[in-house]
Every structure is written in C-alpha cells, then in structure tokens.
Amino acid sequence: MKKLILASKSPRRRELLSALGWPFEVRVVEGIDEGHPAGFTPEDTVSYIAREKADAYQPADDEVIITADTIVVVDDDILGKPVDAADACRMLHRLSGRTHQVMTAVCLKTNTAQRQFTVVTDVTFKVLTDEEINYYVENYRPFDKAGAYGIQEWIGYIGVTGINGSYFNVVGLPVQRIYTELNQLLQTSFPS
C-alpha cells in the first residue's frame, strides 16, 4: 500500500480523511499561488487550483499526494474565503434564501500517474435574518471557509433547508469519491 499524504492545513479535511481509517500524514508546501487565469468557469477555476497545488509536490515512489480546493458558487460568481466580517456578512446575504453550488476539485498524484475530479453539491439556505448572520459571523468567525460558512456549524443547523449531493463535499472533502478513485488508481482495496 502506498503512503497517503494529505496536502492541506484544513482541520476538516484531516478529520474526514482520518474517519476513513487510512493512515496518512499531512504535508503542506507553503506559498502556493491560488490565483487562476481570467475567464475560467467556476469548475475550471477550482480544477486549475487543485492541479496547481498538486504540481507543487513530487511524491516518492511509495506516496500518493491528495490536494483539494473548494469554492462556493452563486450566479456563476465564486465566493472564496471572506477577508473580514463585513465580507462574510455580504456573502451570507447573497446565499440567503437561495440555492448555490459547492465545488471541490481533488487531485490524486503518484510519481507515475495523476487523477483529477470535481464533485458538485447543491445547497439551499432559508432566508437568513440580519441577526442570524451577525450572530454566526461574530461567534464562529468563518474567515477560513469558502462562502463564509461551515455546514457543520450553527448556521448549517438553522439555515440549510436542502442539500443535493455529497454532504462531506460541502464540509470540504468528498471522501466517498476519494475512496473510489484511490481504489481505481492503486488497483487495491482500502483500508488494508
């Protein structure tokens, strides 16, 4: 079995991958540019960034590098991580009472092969009040989350009225698809 390397600082991604029962280590290359060429669709953008992250790693013979990038999309606009509380509130107002998409692109890279895929999940929010938005931003400070929210936090409990697709994708890592793709890439069965 190859050694899995999760190339992410995200505690949510670490938690999700560890729940699958596979041994892995975290290895993060600092300073990877997460910019993208102008004119890309949201799906092309998230795929490009995940691939750029993978390109920063040179796996050893016995390693598989896992990189990922997650974005929130509403009206074909990408909502990244908010820069401050006002930006977080602005994003949540845009999501309020609507359905948006969460896209996570993942790259699996060995020293001889690379696999990439994108998982899309539709998420619907109820109409959020100003008080609910302000409470969430002040108490949960979602500045490290695409779209300014974590579905597994208070705002998800009270605000999400529907989901179509992978819940774990919205948390930040589509683990079911990763499981399937790793089995195919390595032609083995996990966990072993």
Side-chain angles (χ1 to χ4, degrees), residues 6-20 34-36 38-50 53 66-107 116-181:
L6 178 61
S8 175
K9 290 187 224 176
S10 167
R12 292 165 297 282
R13 288 187 179 139
R14 284 193 303 263
E15 182 180 342
L16 288 171
L17 192 55
S18 67
L20 290 180
E34 293 193 27
H36 57 86
F40 272 21
T41 65
E43 190 163 344
D44 289 342
T45 298
V46 75
S47 295
Y48 178 86
I49 294 169
K53 289 178 180 181
I66 302 170
T67 63
D69 192 65
T70 301
I71 59 174
V72 170
V73 180
V74 63
D75 298 327
D76 285 327
D77 291 335
I78 296 172
L79 303 183
K81 296 173 183 173
V83 296
D84 57 24
D87 195 30
C89 290
R90 178 191 63 78
M91 289 182 186
L92 290 169
H93 278 288
R94 280 202 67 192
L95 300 176
S96 176
R98 309 195 50 204
T99 298
H100 63 276
Q101 290 72 47
V102 177
M103 298 180 182
T104 302
V106 177
C107 274
Q116 183 168 348
F117 55 89
T118 300
V119 175
V120 180
T121 304
D122 292 330
V123 180
T124 303
F125 269 105
K126 74 175 186 109
V127 174
L128 300 167
T129 66
D130 290 342
E131 292 80 13
E132 290 166 339
I133 290 172
N134 291 333
Y135 173 83
Y136 177 67
V137 171
E138 288 172 17
N139 289 283
Y140 290 85
R141 307 193 54 76
F143 307 129
D144 66 336
K145 295 174 178 66
Y149 80 92
I151 194 169
Q152 72 281 9
E153 295 177 339
W154 183 83
I155 199 81
Y157 301 157
I158 65 100
V160 172
T161 60
I163 184 168
N164 184 15
S166 169
Y167 168 82
F168 298 108
N169 181 51
V170 182
V171 177
L173 199 63
V175 287
Q176 185 280 329
R177 182 73 183 272
I178 288 173
Y179 177 85
T180 299
E181 295 286 341

**Request:** Take D130 and H93, measure what side-chain contact (heavy atoms from CB on, under 4.5 Å) needs, and give me the verdict at the end.
**Result:** CA-CA 8 Å; D130 290 342; H93 278 288; 2.7 Å; yes
Identify the two heavy atoms, one from [X] and one from [Y], that lie closest to each other, and give their separation to 0.1 Å.
X: L95; Y: G147; answer: CD1-O, 3.7 Å
X: R13; Y: G172; answer: NE-O, 2.8 Å
X: P82; Y: P142; answer: CG-O, 3.5 Å
X: E15; Y: S18; answer: O-OG, 2.9 Å
X: S47; Y: Q116; answer: O-NE2, 2.8 Å
X: A50; Y: A105; answer: CB-O, 3.6 Å

**Asked** Can we say K9 and D144 salt-bridge, meaning some charged N sits less than 4.0 Å from an Asp/Glu carboxylate O?
**Response**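 Judged by the 4.0 Å cut-off on N to carboxylate O distance, K9 and D144 do not form a salt bridge.
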Does the side chain of [X] reach to within under 4.5 Å of the side chain of [Y], using non-hydrogen atoms?
X: I151; Y: I163; answer: yes
X: C107; Y: K53; answer: no
X: R177; Y: V106; answer: no
X: I158; Y: L128; answer: yes
X: Y149; Y: I133; answer: no

**Request:** Report the C-alpha distance between Y48 and D69 in whole Å, list the side-chain angles of each, state the deciding distance to 0.1 Å, and finish with yes or no for side-chain contact (heavy atoms from CB on, under 4.5 Å).
**Result:** CA-CA 9 Å; Y48 178 86; D69 192 65; over 6 Å; no
Mark yes or no for whether [X], through its side chain, and [Y], through its backbone, hold a donor-acceptor pair below 3.5 Å.
X: E43; Y: M103; result: no
X: D84; Y: A86; result: yes
X: D44; Y: F40; result: no

**Message:** Applying side chain to side chain donor-acceptor pair (under 3.5 Å) as the test, list every pair that has at least one member in residues 132-141; sequence neighbours left out.
**Reply:**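 Every pair satisfying side chain to side chain donor-acceptor pair (under 3.5 Å) with a residue in residues 132-141: K126-E132, T129-E132, Y136-E153.
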**Request:** Please determine, by modelled atom types, if T104 and N169 share a side-chain donor-acceptor pair under 3.5 angstrom.
**Result:**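 Yes - a donor-acceptor pair under 3.5 Å links their side chains.
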**Item:** Check: R12/T70 side-chain N/O donor and acceptor closer than 3.5 Å
**Value:**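 No, no side-chain donor-acceptor pair sits under 3.5 Å.
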Can you tell me how far the [atom1] atom of [X] sits from the [atom2] atom of [Y], to the nearest 0.5 Å?
X: Q176; Y: L20; atom1: CD; atom2: CG; answer: 10.0 Å
X: I178; Y: L6; atom1: CD1; atom2: CG; answer: 8.0 Å
X: Y167; Y: L16; atom1: OH; atom2: CG; answer: 8.5 Å
X: L173; Y: S8; atom1: CG; atom2: OG; answer: 8.0 Å
X: N164; Y: Q101; atom1: CG; atom2: CD; answer: 10.0 Å

**Request:** Assess whether atom CZ of F168 is packed by more than 12 heavy atoms of other residues, nucleotides or ligands within 6.0 Å.
**Result:**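 No, not enclosed.
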**Message:** Could you work out, with side chain to side chain donor-acceptor pair (under 3.5 Å) as the rule, every residue matching S10, not counting sequence neighbours?
**Reply:**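 Partners of S10 by the side chain to side chain donor-acceptor pair (under 3.5 Å) criterion come out as none, since no residue qualifies.
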**Message:** Once side chain to side chain donor-acceptor pair (under 3.5 Å) is applied, do any residues pair with S166, and if so which ones, sequence neighbours excluded?
**Reply:**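 Once residues adjacent in sequence are excluded, S166 has no partner under the side chain to side chain donor-acceptor pair (under 3.5 Å) criterion.
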**Asked** Hey, what's the ring geometry for F125 with H100, parallel, tilted or perpendicular (30° and 60° as the breaks)?
**Response**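 Judged by the thresholds at 30° and 60°, the geometry between F125 and H100 is parallel.
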